[in-house]
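Data block below; observations after.
Throughout, protein chains are lettered first and strands after them, A, B, ... in sequence-line order, and every chain is numbered starting at 1.
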Number of protein chains: 2
Amino acid sequence: MDLDRSQNSDRETIESILRDAGLRPTRQRMALGRLLFAGDDRHITAELLHAEVTSEGEHVSLATVYNTLHQFRRAGLLREIAIESNKTYFDTNTSNHNHFLIEPDGELMDIQSDCISIDGLPEPPEGMRISHIDVVVRLVRED
Amino acid sequence: MDLDRSQNSDRETIESILRDAGLRPTRQRMALGRLLFAGDDRHITAELLHAEVTSEGEHVSLATVYNTLHQFRRAGLLREIAIESNKTYFDTNTSNHNHFLIEPDGELMDIQSDCISIDGLPEPPEGMRISHIDVVVRLVRED
DNA sequence: ATTTGTGCAAATCGTTTGCATCTGA
DNA sequence: TCAGATGCAAACGATTTGCACAAAT
């Protein structure tokens, strides 16, 4: 289930998101959390987030951005997106959903999961179970 | 469509695969091509392929392995696999199919595409068309 | 002969880590 | 107070690149 993010812009909500995840609401995490969890769902990289927080006048070191993104992911606040890229993309939408990938520029768009159904999956091998299914629909510009 | 690889082990077949792709059949490309296109479909990284070709006693520099893998991909002989990993994986099976990903060790298994059907995809945005759909089914060991 | 490919080492890029310092509970 | 968090710079691993040399048509 997705959180209602309509009011996430205020400090208190971000703070409780962090506390609920067992993370101390430090200045850096609050700043990053506000960028990530307030407003719409986002697809973002560490470098990009670092640039954003910096342009707000907040100082957060790049290493801390990396560390924080992984902490958020471990806490279930972010999900890593599987696309072929040398960079790691994180998605603030942790509910089941899938992606359109605009090939030429690498831009991502959400596809709501309830649209999509997958049939005919073979049984997983003995002793394994499906944890999650990722669907990436690659788009190219029509010529 | 998949090539019949049952006889790809001989020089002539590899050579014609390369020529058809517009690539000169150099010693290095032949050695890599034989490893990739003879026998079963494979999921491989540059480092791994370099280790293989080296252990055969052939000398191909790592840079050439990287360059060659990308040439093969551009020629449509390989496909890059979309998984979240710091390494780039290539698939010698360029037909439409999908993957099981064994989470703990990152191992990949093919799922034949004709098993799977995807319903309920929304229309792509104006001026875009679907080039390819990747499905990755993540597996974890049952506890 | 001319184009194309290769090897090597250095450069680059994204990311992680070690460690001294600082901060929140 | 003191575990936990951060910053910095150095380390790292995967990949790319520049350029002199070699091989293919």
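Remark: the B:His97 side chain and the B:Asp41 side chain contain no N/O donor-acceptor pair separated by less than 3.5 Å.
Nearest heavy-atom pair across B:Leu77 and B:Ala21 is CD1-CB, 4.1 Å. The two atoms that bring A:Pro25 and A:Arg19 nearest to each other are CG-NH2, 3.5 Å, heavy atoms only.
Between C:dT16 and A:Tyr66, no contact under 4.0 Å exists linking OP1 or OP2 to a side-chain N or O. When the side-chain nitrogen and oxygen atoms of B:Thr64 are compared with OP1 and OP2 of C:dG7, one or more of them lie within a distance under 4.0 Å. Between A:Gln71 and the phosphate of D:dG4, there is no side-chain N or O to OP1/OP2 separation shorter than 4.0 Å. Under 4.0 angstrom from either OP1 or OP2 of D:dT16 there lies at least one side-chain N or O belonging to B:His70. Using a 4.0 Å cut-off, some side-chain N or O of A:Thr88 falls inside it from OP1 or OP2 of C:dT15.
Comparing A:Asn86 and A:Asn67 against DNA chain D, the residue whose closest nucleotide sits nearer the 5' end is A:Asn67.
Distance B:Lys87 NZ to C:dT15 P: 16 Å, rounded to the nearest Å. Rounding to whole angstrom units, CD of residue A:Glu84 and C1' of D:dA14 are separated by 16 Å. Rounded to whole Å, atom C1' of C:dG5 lies 13 Å from atom CG of B:Leu32. The nearest whole Å value for the distance from the CG atom in B:Leu48 to the P atom in D:dT15 is 11 Å. Taking atom CG of A:Leu69 as the reference point, atom P of D:dT6 lies 12 Å away to the nearest angstrom. One interatomic measurement links the two molecules: CG of B:Leu18 to P of C:dG5, which rounds to 11 Å at whole-angstrom precision. For the pair B:Glu58 CD and C:dT6 P, the interatomic distance rounds to 12 Å; values are reported in whole Å. Regarding B:Phe90, its CZ atom lies at a distance of 12 Å from the C1' atom of D:dA14, rounded to whole Å.
Residue B:Leu62 has its side chain nearest to D:dT15 when only D:dT17, D:dT15, C:dT6 are considered. Picking from C:dC8, C:dT6, D:dA14 the nucleotide with the shortest atom distance to the side chain of B:Ala63 gives C:dC8. Side-chain proximity of B:Ala46 to D:dT15, C:dG7, D:dT17: nearest is D:dT15. In the set C:dT16, D:dT6, D:dT15, D:dT6 carries the atom at the smallest distance from any side-chain atom of A:Thr68. The side chain of B:Arg29 lies closest to C:dT6 when the candidates are D:dG7, C:dT15, C:dT6.
Both B:Val65 and B:Leu23 are part of a single hydrophobic cluster, where members link through side-chain heavy atoms under 4.5 Å apart.
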Could you pull out the protein-nucleic contacts involving nucleotides 23-25 of chain D (nitrogen or oxygen on both sides, under 3.5 Å)?
unit_1: D:dT25; atom_1: OP1; unit_2: B:Arg19; atom_2: NH1; d: 3.1
unit_1: D:dT25; atom_1: OP1; unit_2: B:Arg19; atom_2: NH2; d: 3.4

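Here B:Glu52 pairs with B:Arg42 in a salt bridge; the nearest charged N to carboxylate O distance falls below 4.0 Å.
Counting only heavy atoms from C-beta outward, the side chains of B:Val53 and B:Leu35 approach each other to under 4.5 Å. Residues B:Lys87 and B:Leu48 form no side-chain contact, since every pair of their non-hydrogen atoms from C-beta on lies 4.5 Å or further apart.
Applying side-chain contact (heavy atoms from CB on, under 4.5 Å) to B:Thr92 and the options B:Ile44, B:Asp40, B:Leu78 leaves one that passes, B:Leu78.
No contact: B:Thr45 has no heavy atom under 4.0 Å from any strand. Using a 4.0 Å heavy-atom cutoff across all strands shown, B:His50 reaches no nucleic acid atom at all.
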